[in-house]
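Okay, so here's the structure we're looking at.
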Amino acid sequence: MEEKLSFEYAPAPESRALVTIKPKYGHFIGGKFVAGSKHFPTINPATEEVLSQISLAGKADVDAAVKAARKAYTTTWSKMSGKERGKYLFRIARIMQERSREFAVLETLDNGKPIRESRDVDVPLAAAHFFYHAGWADKLEYAGLGTTPKAHGVAGQIIPWNFPLLMLAWKVAPALAAGNTVVLKPAETTSLTALLFAEVCHQAELPAGVVNIVTGDGSTGALIVNHPGIDKIAFTGSTEVGKIIARAVATTNKSVTLELGGKAANIIFEDAAIDESVEGIVNGIFFNQGHVCCAGSRLILQESIADEVIEKLKNRMAKIRVGDPMDKNTDLGAINSKEQLLKIRELTAAGDSEGAERWSAPCDLPGKGFWFAPTIFTGVTQAHRIAREEIFGPVLSVLTFRTPQEAIDKANNTPFGLSAGIWSEKGSKVLWASQQLRAGVIWANTFNKFDPTSPFGGYKESGWGREGGRHGLSAYLKGVSHE
Ligand code: NAP
Ligand code: MG
């Protein structure tokens, strides 16, 4: 049974005039914007409009960025007191807040995510990461990470397209707080907010070379990973590329942290508050178009409540507003790229052919751009590809269980272990289940909550090391355990 919306929302578009996008960008090296030689377009995935031309960094550009970072490290940043470093981080955080609408609009245009999310989640959390780490900069010796904590030197950082500015903040803020300098590469489809961040560094009068931003594709990423002048690699992205990076640095002195894929289980026990759980399931998988490494992409439902939850879920999904990401009412925006859309289509087609039952929310998808309606698959078994592989889209696979132990066994039956969710009104059951689950982050009666003080990271093929909190800070200091 599908309920129809009893009213419609009038369009409420955010103003595009808040941002000025240059027709062409270079790299940010040694405190200056330098022209690139080759370029590639970045598009708005909601309209396929070309927004700008981005530079593809080659060997000479990466060399120049690493040199600038080394010079800044040895001459300035490593000599500066933590208190002074902290001042720069506070300044960056404040400018990010002042320019938050610009960041939100730019992120939405380049990435396709709803303005409500970039405005209320991505940008405030990114600023919060800078504020939090600014506080650590002059207190490193009290962090319980040794009495004379030392930075690695130059950190090479490579980030994905799903939370472009937020992933930058997760990488840059702890690196600078701990006293490292940085060469960062954003994902090729979402470079614009990283380039605006470069402007913020300039505005904050951050010493030249402390942050360097080179844009490009996987080949630029590989140049950073293999550069002998880099002391530490921090990567967020796919498990596939994570494995390539782990192999590349295995024979070097580089230290490495990897934040990789996930296939999170969201377990709903029969004693859970059903309506709240339905909201949590929707938030868990449809937030940010399911472009979330810790998305609750496997719904593990107790059999006795399965029919009720699925019916309520379909009703709720039918009310998700899909469309223009710049509209403040939009819940679900565009898929980030054609490539990603094709990947989602390929995996969901495998769901059909392997015998699962597909249901998609009825919605009119825009004619241009990359779109995928919120979808669930029922009748999924653990052997199905849609239960095993990361879809990274607004697609939920539903499995059922009878006993709590069966729920845990199914949840843990994955090569990943990034996050999980538990829904139950019984505290003892929540505690028991969270101890059995092999996942780095476990939410109880909520989902997708983030805070800079809380470490984030995975077990198994979901990665090495933690980001955020004291644990995340340790990854940017020499000789300190990551756990
Ligand atoms: P990806 O293909 O692994 O790309 C991630 C970054 O690595 C991009 O900047 C990419 O550049 C670059 N890259 C590609 N090949 C490289 C190579 N050989 N050497 C060095 N760098 C290389 O991942 P994605 O498809 O963009 O992102 C989605 C994945 O990220 C998902 O699997 C998701 O689970 C994971 N993710 C994990 C977390 C976490 O915290 N655990 C957070 C967010 C996303 P180009 O984009 O220019 O190709
Ligand atoms: Mg783009």
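Along the sequence shown, the residues carry numbers beginning at 1. Atoms within each ligand, like the ligands themselves, are counted from 1 in listed order.
In this structure, CG in L184 is found 5.0 Å from CG in L168, a value given to the nearest 0.5 Å. Rounding to the nearest 0.5 Å places CG of L51 at 5.0 Å from CD1 of I21.
Classification of the F131-F90 ring pair by plane angle, with boundaries at 30° and 60°, yields tilted.
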Practice item. In sequence, state the C-alpha distance, the side-chain angles, and the governing distance for F370 and Q340, and then conclude on side chain to side chain contact (heavy atoms under 4.5 Å, CB included). Key: CA-CA 9 Å; F370 316 125; Q340 186 58 27; over 6 Å; no
Practice item. Verify side-chain hydrogen bond (donor to acceptor under 3.5 Å, both in side chains) between N111 and H291, making sure each step is shown before the conclusion. Key: CA-CA 11 Å; N111 169 283; H291 294 337; over 6 Å; no
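Side-chain contact of Q203 with R99: a donor-acceptor pair under 3.5 Å is present, judged by distance alone. No side-chain N or O of T181 forms a donor-acceptor pair with one of K71 less than 3.5 Å apart. For the residue pair S118 and T108, a side-chain donor N or O sits within less than 3.5 Å of a side-chain acceptor on the partner. Between the side chains of D231 and S255, no donor N or O sits under 3.5 Å from an acceptor N or O.
Ligand 1 is never approached by F163 to a heavy-atom distance shorter than 4.0 Å. For F235, the closest heavy-atom approach to ligand 1 falls below 4.0 Å. Using a 4.0 angstrom heavy-atom cutoff, S219 does not count as in contact with ligand 1.
No more than 12 heavy-atom neighbours from other residues, nucleotides or ligands sit within 6.0 angstrom of NZ on K368.
At under 3.5 Å, a nitrogen or oxygen of L260, whether backbone or side chain, sits near a nitrogen or oxygen of ligand 1. Of the polar atoms of G221, none of the N or O atoms is found under 3.5 Å from an N or O of ligand 1, judged by distance alone. Among the atoms of W161, some N or O lies under 3.5 angstrom from an N or O of ligand 1. Between S238 and ligand 1, a contact under 3.5 Å exists for at least one N or O pair. Considering backbone and side-chain atoms alike, E188 places an N or O below 3.5 Å from some N or O of ligand 1. Considering backbone and side-chain atoms alike, E390 places an N or O below 3.5 Å from some N or O of ligand 1.
Among all non-hydrogen protein atoms, the one lying nearest atom 27 (O) of ligand 1 is P160 CB, 3.6 Å. When hydrogens are left out, the protein atom nearest atom 36 (N) of ligand 1 is C293 CB, 3.5 Å; that is the closest non-hydrogen contact. From the protein, the heavy atom lying nearest to atom 11 (O) of ligand 1 is K185 NZ, 3.0 Å. Ranking protein heavy atoms by distance to atom 14 (C) of ligand 1, first place goes to G218 CA, 3.5 Å. The shortest contact between atom 40 (O) of ligand 1 and any protein heavy atom is with E259 CB, 3.2 Å. Among all protein heavy atoms, the one lying closest to atom 19 (N) of ligand 1 is A222 N, 3.5 Å. Here the protein heavy atom with the shortest distance to atom 43 (C) of ligand 1 is N162 ND2, 3.1 Å. In terms of protein heavy atoms, atom 28 (C) of ligand 1 is closest to F392 CE2, 3.6 Å.
Only the side chain of I158 comes within 4.0 Å of ligand 1, judged by heavy-atom distances.
In this structure, Q53 and Y25 have side chains that are not in contact, with every pair of non-hydrogen atoms separated by 4.5 Å or more. Between F235 and V256, every side-chain heavy-atom pair lies at or beyond the 4.5 Å cut-off. I268 has its side chain within reach of L299: a pair of non-hydrogen atoms, C-beta onward, lies under 4.5 Å apart.
With respect to E467 and K171, a salt bridge is recorded, a charged nitrogen being found less than 4.0 Å from a carboxylate O.
Remark: ligand 1 atoms within the under-4.0 Å shell around heavy atoms of T236 are 5 (C), 36 (N), 37 (C), 38 (C), 39 (C), 40 (O), 42 (C), 43 (C), 44 (C). For ligand 1 and I159, the ligand atoms under 4.0 Å from any heavy atom of the residue are 6 (C), 8 (C), 9 (O). Contact atoms of ligand 1 toward G216: 47 (O) (distance under 4.0 Å to a heavy atom of the residue). Atoms of ligand 1 found under 4.0 Å from any heavy atom of F456, numbered from 1 in the order shown, are 40 (O). Within ligand 1, counting atoms from 1 as listed, the ones closer than 4.0 Å to a heavy atom of L418 are 41 (N).
Distances from atom 25 (O) of ligand 1 to the protein include at least one heavy-atom value under 4.0 Å.
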